[in-house]
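Below is one structure, written out as structure tokens; comments come after it.
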Amino acid sequence: RHVDCWGTVWENLEPGLDSMDVAHPLSDWAAFESYQPPDPWKTDLFGPRRDWAQVERDLQAAKAQGNLAVGGGLPHGFMYMRLFYLRGFENLMMDLATEDPRLCKLIEMVEAYNRPIIEKYVSLGAEYMVFGDDLGMQKSLPMHPETWRKFIKPSYSRLLAPCREADVPVYLHTDGHILEIIPDLIEVGVKVLNPQIRANGLEGLQRMAKGKVALNQDLDRQLFPFAT
């Protein structure tokens, strides 16, 4: 077990394997009033914040070598998933269903951590920003699309505003079924989308994305255990 800078407890089976969130610091809203979020300038997910001078040198070195200066700097699950890392998945679903007024304050708190990091990368000359946040489930979104548009889309729009304003393309990895919100992701600034094949279907991806957004499409890894 290990604890990240937000206070979420993670557990895995053995070193080297990815972990699952097993305890959540805000599973009870009563803890919210006294909760102290991490400082984006002092704390990384599991350790000290990155060396920004080195980040700038790396971006400039990439340009000098003729490569894209790629930024991002936020862990996978930087926005939507962080909400249930803090509240627990079922709690978050109930917050969304009941439109709990504290949810907007929680979203603002997570944004306040993410936004300065995004702005910093753009200001240091990042030419391409990479993010990951699994927005879908196996066969559907975890919430009604209109609920996503009410609570999650505005947050994405605010966070990606520095990229849009600087004309910096955004790459988003997002697992799960996301067909209904692909137009929304394009609208907030996603230029390259990395979705799953099986959860969305090739026909669905063609219908929603062809000619509208670049797809970085990988193989269907869910097929691997059964393939010859």
Side-chain angles (χ1 to χ4, degrees), residues 38-41 44-45 49-83 104 107-136 141 145-146 148-176 178-197 200 204-218:
D39 184 332
W41 302 120
D44 207 345
L45 189 60
R49 169 50 51 191
R50 72 203 71 241
D51 181 343
W52 285 108
Q54 185 60 52
V55 169
E56 184 173 18
R57 288 192 291 271
D58 291 343
L59 293 173
Q60 294 305 318
K63 293 179 182 180
Q65 294 166 9
N67 298 320
L68 275 176
V70 180
L74 292 169
H76 180 270
F78 71 104
M79 189 60 233
Y80 159 68
M81 296 177 78
R82 176 52 58 185
L83 298 176
C104 290
I107 290 171
E108 291 173 2
M109 184 181 71
V110 177
E111 281 185 38
Y113 179 89
N114 292 330
R115 177 71 182 247
I117 296 173
I118 295 172
E119 291 175 336
K120 185 69 172 180
Y121 269 97
V122 172
S123 72
L124 292 179
E127 300 173 301
Y128 187 65
M129 292 287 284
V130 175
F131 303 97
D133 203 14
D134 296 341
L135 299 172
L141 290 170
E146 288 306 317
W148 187 88
R149 293 180 183 115
K150 182 172 183 177
F151 289 99
I152 309 300
K153 180 181 179 179
S155 181
Y156 262 72
S157 184
R158 290 187 291 266
L159 287 174
L160 299 184
C163 303
R164 294 195 304 272
E165 293 163 3
D167 198 25
V168 173
V170 169
Y171 173 107
L172 178 67
H173 159 79
T174 181
D175 281 344
I178 58 162
L179 288 181
E180 295 86 349
I181 61 171
I182 287 178
D184 301 279
L185 294 172
I186 296 170
E187 185 180 330
V188 300
V190 175
K191 301 294 186 183
V192 183
L193 190 62
N194 174 224
Q196 288 180 297
I197 294 177
N200 296 285
L205 290 171
Q206 183 181 45
R207 182 176 70 254
M208 301 302 293
K210 187 175 182 180
K212 302 169 187 175
V213 63
L215 291 185
N216 178 26
Q217 194 62 69
D218 55 6

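Because the structure is a prediction, the values reported are computed rather than measured. Basis for what follows: all heavy atoms, side chains included, without hydrogens, waters or symmetry-related copies.
- The side-chain heavy atoms of Leu135 and Leu185, taken from C-beta on, include a pair separated by under 4.5 Å.
- Put simply, the side chain of Tyr121 does not reach to within 4.5 Å of the side chain of Tyr128, judged on heavy atoms.
- The backbone N or O of Leu68 sits nowhere less than 3.5 Å from a side-chain atom of Glu127 that would complete a donor-acceptor pair.
- When atom types are taken as modelled, the side chain of Ser157 and the backbone of Pro154 share no donor-acceptor pair closer than 3.5 angstrom.
- Summarising the geometry of Pro162 relative to Val122, their closest heavy-atom pair is O-CG1, 4.0 Å, with the distance given to 0.1 Å.
- Atom-to-atom distance recorded for Leu160:CG and Arg115:CZ is 9.5 Å, nearest 0.5 angstrom.
- Residues satisfying the side chain to side chain contact (heavy atoms under 4.5 Å, CB included) test with Met208, not counting sequence neighbours, are Leu179, Ile182, Pro183.
- Residues Asp58 and Gln54 bring a donor and an acceptor atom of their side chains to less than 3.5 Å of each other.
- Of all non-hydrogen atoms in Gly73 and Ile117, the two that sit nearest each other are O-CG2, 4.0 Å.
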Could you go through Asp184 and Tyr156, starting from their C-alpha distance and side-chain angles, then the distance that decides it, and tell me whether this counts as side-chain hydrogen bond (donor to acceptor under 3.5 Å, both in side chains)?
CA-CA 10 Å; Asp184 301 279; Tyr156 262 72; over 6 Å; no

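- Nearest approach of Val168 to Ala126, heavy atoms of both residues: CG2-O, 3.6 Å.
- Atom CE of Met79 is separated from atom CZ of Phe131 by 12.5 Å, given to the nearest 0.5 angstrom.
- When the side-chain hydrogen bond (donor to acceptor under 3.5 Å, both in side chains) test is applied to Arg158, the partners found at least two apart in sequence or on another chain are Glu111.
- Within a 6.0 Å radius of NZ in Lys191, other residues, nucleotides and ligands contribute 12 heavy atoms or fewer.
- Atom CD of Gln217 sits about 4.5 Å away from atom CD1 of Ile197, to the nearest 0.5 Å.
- Evaluation of the ring pair (Phe, Tyr, Trp, His ring centres under 6.0 Å) rule for Tyr80 yields Phe84 as partners, not counting sequence neighbours.
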Verdict with reasoning, Asn216 to His173, per side-chain hydrogen bond (donor to acceptor under 3.5 Å, both in side chains)
CA-CA 9 Å; Asn216 178 26; His173 159 79; over 6 Å; no

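- By the 4.5 Å heavy-atom criterion applied to side chains, Phe78 and Leu159 are counted as neighbours.
- Across Ile178 and Asp175, no two heavy atoms sit closer than the pair CG2-O, 4.3 Å.
- The two residues Pro145 and Glu180 come nearest to each other via the heavy atoms CG-CB, 4.0 Å.
- In this structure the side chain of Asp133 never reaches within 4.5 angstrom of the side chain of Thr174, judged on heavy atoms.
- In this structure, the side chains of Ile118 and Cys163 come closer than 4.5 Å at one or more pairs of heavy atoms.
- When the shell of 6.0 Å around CG of Asp167 is examined, it contains 12 or fewer heavy atoms from other residues, nucleotides or ligands.
- Taking the side chain as every heavy atom from C-beta outward, Arg57 and Asp51 approach each other to under 4.5 Å.
- Here the closest non-hydrogen pair linking Pro195 and Leu205 is CG-CD2, 3.8 Å.
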